[in-house]
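Inspection log for the structure reproduced underneath, given as structure tokens.
Computed from heavy atoms alone, side chains included, the values below leave out hydrogens, waters and symmetry copies. We count ligands from 1, going down the list as the structure has it; atoms in each ligand are counted the same way.
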Amino acid sequence: MIMNTLFSLGATKLHLQRWPLNQPNQSLQAWDAADELILEQAIAYCRARPANASNPLQVLILNDAFGALSCGVSTVLPIESALFVVQDSVLSQHASRHNRTQNAISNHALYELTSLDPLPTAPHLVLYKLPSNHSYLKYQLAALKQSITPHTRLIIAAKAKDITRNVLSLFEQYIGPTQASLTIKKCRYIETEYDTTRQPPATNFPLRWRLDNSNIMLVNHANVFAREQLDIGARFFLDHLPTVATNSTVIDLGCGNGVLSLQLLTQQPQCNLIACDESYMAVASAQATIMENYPHFLAQCQFIADDCLTRQADNSADWVICNPPFHQQSAVTTHIASQMFRDAKRVLKTGGRLRIVANRHLPYRLQLEKLFGHCQQLAANPKFVILESIKRS
Ligand SMILES: C[S@@+](CC[C@H](N)C(=O)[O-])C[C@H]1O[C@@H](n2cnc3c(N)ncnc32)[C@H](O)[C@@H]1O
């Protein structure tokens with residue numbers, strides 16, 4: 001099967017790809033029916049806007065997974081418009097840039113924002129693809145309520161199964177009276193009316209919680225993995241982290257809230273730690289976690305938003321530790337983990353080691369054996385294994 005990359009918007013055709021480009025599952029596309037619904041209304045709005053409107057059009061896009069919304073709306077934006085695109089994911093940013101470039105879409109007046117940046121004031125049009133995580137939804141709704149005005153046109157859509165009573169009630173609480181449309185192509189629009197009198201509930205992000213009965217406090221921004229409790233794989237890994245030598249360079253790949261980094265620093269305060277994640281909120285959480293617990297170690301730590309280890313030099317690290325992801329957006333996949341292992345091999349010095357925790361049923365042992373020439377299982381419990389490979393010359 002060949003992946004469908006041809007996205008039709010009426011007479012306009014766009015060539016859209018997911019990121020990373022070498023997706024093993026060819027049945028996945030870079031857009032879905034909710035993107036199509038959002039773009040249908042957004043294009044109608046842009047076309048209906050008077051050419052002599054007094055202010056240049058300001059458009060805000062939230063959660064554009066692979067750039068379909070940004071590319072699609074750009075085909076009808078007047079030249080002087082400003083386009084603000086908010087993404088938490090480095091992979092989404094890479095996809096959007098790649099797709100804009102390959103469709104020859106100008107980046108003039110494109111503002112790429114991360115999930116932690118303030119939203120622009122009083123946008124005319126907001127294209128909102130609902131996030132699946134409700135903490136992040138609350139965080140974004142609170143920010144939106146501050147940013148929009150009663151005149152802002154909100155276009156919101158998601159898969160019908162994701163528009164629950166709870167989701168609609170969050171829109172009611174944060175924005176104003178809300179209802180869902182009928183189902184179209186298994187998706188629905190959310191129609192919400194800005195209520196100036198409604199004060200949104202106070203949000204408490206980032207969430208802070210204590211690790212078991214320790215003094216350790218974990219700081220979690222709204223979109224970070226395991227933001228409300230310790231992941232069970234991470235719990236097992238905490239008991240099997242390596243003892244690293246003084247002055248080692250250790251990379252926590254896919255650092256999340258920094259729980260593994262923190263434990264490593266506890267065991268070996270004299271190491272150089274690099275915490276990487278593709279989520280801006282994860283990187284900020286890891287940094288805040290170290291700051292909260294060990295502010296004096298901050299100078300020996302780097303916090304980097306990256307796609308795997310793309311920004312790390314070859315042969316530069318003594319250790320890579322990793323609790324790999326098993327999905328991208330809503331698709332279950334092992335290809336990100338495979339890329340992490342390949343990057344780890346490139347970035348490790350000769351003699352350097354990659355140690356991972358993995359769900360027992362995943363095929364990582366075989367992959368590591370193939371890549372490194374060997375792989376040792378160091379520990380196991382009924383659900384997880386701890387695997388280690390050494391980079392030989
Ligand atoms: C299973 S979580 C582990 C988080 C944390 N280390 C822990 O043990 O709780 C996997 C992490 O990998 C990150 N991730 C996913 N794809 C990535 C990529 N391409 N590059 C870097 N990090 C990625 C996710 O954002 C997530 O924080």
Can you say whether the rings of [X] and [Y] are parallel (under 30°), tilted (30 to 60°) or perpendicular (over 60°)?
X	Y	result
W31	F7	tilted
F171	Y128	tilted
Y136	Y139	parallel

Which heavy atom of A317 sits nearest to which heavy atom of I251, and what is that distance?
CB-CD1, 3.8 Å
Heavy-atom closest pair (D252 atom, S261 atom, distance to 0.1 Å) is OD2-OG, 2.6 Å
Looking at the rings of F341 and Y364, which for Trp means the six-membered one, are their centres under 6.0 Å apart?
yes
Protein neighbours of ligand 1 with a heavy atom under 4.0 Å, given by chain and number, are L91, F225, A234, G254, C255, G256, V259, L260, D277, E278, D306, D307, C308, N323, P324, P325, I336, M340
